[in-house]
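The block underneath contains the structure these notes are about, expressed in structure tokens.
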Amino acid sequence: MSGIDFVGLGVLLLFLILLLIFTFINRRRPVEFRKIAAFEDLETAIERAVEAGERVHFSLGTGSVIGSDSAPALSGLAMLSHIAPMTSMSDKPVVVTTGDGAMTKLAQETLRTAYDKAKASVQYRPTYGRLLGPTPFSYVAGIPLLLDTEDVSVHVLVGSFGVEGALAADIAQRQQAFVLAGTDDVQSQALLYATVENSLIGEEVFAGGAYFDISPLHRASLRVQDAVRLLIVAAILIGTLLRTLGVSL
Amino acid sequence: MKFRAYFVWAAVAVGSGIIVLLGYFIDNPTIISLRLAFMRWAVLLAAASLFLGLYNLLKVHWNRVGEQKTGWLYSAVLILTFLVSLVLGLMFRPDNPVILILFTYVQLPIETSLMGLLAVSLLVAGFRLVSRRQDLSSLVFVGTALLVLLGTGPWIAAGESVVNILFGQLTTWISQVWASAGARGILLGVALGAILSGLRVLLVIDRPYGD
């Protein structure tokens, strides 16, 4: 035993404690989050698509499960667990596409669980979760065929994307589909902002679970994000002030 | 029975997740070796899952051809090229000239063309943005993009002209001060979101492996 990173463990513990505190506070005093138009419009668009017999396409991006780019796709899977039951009784239920084999398996399991919960297990098909292409651009190359042949009218991109995400979103936007897109990559976020009507900026890509009220802990985790961000901003400001005053840290 | 199975998946996911996480904070040879072993297994499993993914890809397109759905011809071409590449890859090694020809003269040009298409798409998207969203943030976005383009692209009055120097300095100021500050703020939020997404999986709140 050589050493323990107490700072790292302390930060982790802080997150856990704040998560528990905000879960408790939320039960007594639920908080109203600021409105994100993209999330509000998404539910309406899905309802319209189900009524019109059109399909919802959910893209989990081109990131892998084992990479650092898996976090937005995990957030996407949480959103999918809310969206899948909404379309499970439709003639054309949600189709999920990925650019990674393991992510495809996770998408299939999330869909299967959602169908079980909606008591629609019979409707579930493993091919509703698909690998579209194993490389970023082969993934994008598969998008037009999917949109042309599956009658897609709602296109949700929540996952890890590089520049190819903008191309995928643009293809859907040109077909007059409702497009919601969010990713963790800063440059791609700028491209998505220019390309689509409903883009998610910054950490909004992780807020889907809280906005769709999947569980109290999803709402609490969004409040933890805000609280820790405030702490970091305060630390930066205090640090700047001290350095300006000539105090060495 | 199903209830028990769900507990097993959750216990395995949480147990291995905690060990991998602790391996970053506790400098203990046992924990570190466990972390490395788990990560090696994860890489192996991810590689194996690629085969499952490719099987899934083939099945989707095979069904499309079988049902003669719209665009089935594209699916047939995909299956054919997939099988040809697979057979050639198995017969020869990946660094064989035959495989390299496929990569250099088929895959690379197609992906480069898509990249070129992206540049055109973004230009059109920039114009569409101004007509679609006529608000301050869109105007600032497009204005900044134009300024940075003028400052970095080949300038008509190239060289040491005052205009050229002015645009160059303006671009540097925008990208190094405003854009960097904004990007860091966004990255901070993204990092916090990523940490909490991971924690939710560790706390079995999110179960992407299913119930």
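- Under the 3.5 Å distance criterion, the side-chain polar atoms of Arg207(B) are left unmatched by any main-chain donor or acceptor of Thr110(A).
- Contact of Ser215(A) with chain B is made through the side chain alone, with heavy-atom distances under 4.5 Å.
- The two residues Leu129(B) and Tyr193(A) come nearest to each other via the heavy atoms CD1-O, 3.7 Å.
- With a 4.5 Å cut-off on non-hydrogen atoms, Gln187(A) does not touch chain B at all.
- Scanning both residues, Ala194(B) and Ala71(A), for their nearest heavy atoms gives CB-CB, 3.6 Å.
- Residues from residues 158-167 of chain A that place a non-hydrogen atom less than 4.5 Å from a non-hydrogen atom of chain B comprise Val163(A), Ala166(A), Leu167(A), given in numerical order.
- Within residues 131-141 of chain A, the residues having any heavy atom under 4.5 Å from a heavy atom of chain B are, by residue number, Leu131(A), Leu132(A), Pro134(A), Thr135(A), Phe137(A), Ser138(A), Ala141(A).
- Looking only at distances, a side-chain donor or acceptor of Asn56(B) sits under 3.5 Å from a matching main-chain atom of Gly129(A).
- Checking Thr149(A) against Arg64(B) by side-chain atom types alone, a donor-acceptor pair falls below 3.5 Å.
- Residues Leu12(A) and Phe25(B) are in side-chain contact: their nearest non-hydrogen atoms beyond the backbone lie under 4.5 Å apart.
- When heavy atoms are compared at a cutoff of 4.5 Å, Ile195(B) approaches chain A solely by way of its side chain, counted from C-beta outward.
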| task | Evaluate the salt bridge (Lys or Arg N to Asp or Glu O under 4.0 Å) criterion for residues Asp148(A) and Lys69(B): first the C-alpha distance (whole Å), next the side-chain angles of each, then the deciding distance (0.1 Å), finally the verdict. | result | CA-CA 11 Å; Asp148(A) 282 343; Lys69(B) 276 188 178 176; over 6 Å; no
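- His61(B) and Leu145(A) get closest at one heavy-atom pair: CE1-CD2, 4.0 Å.
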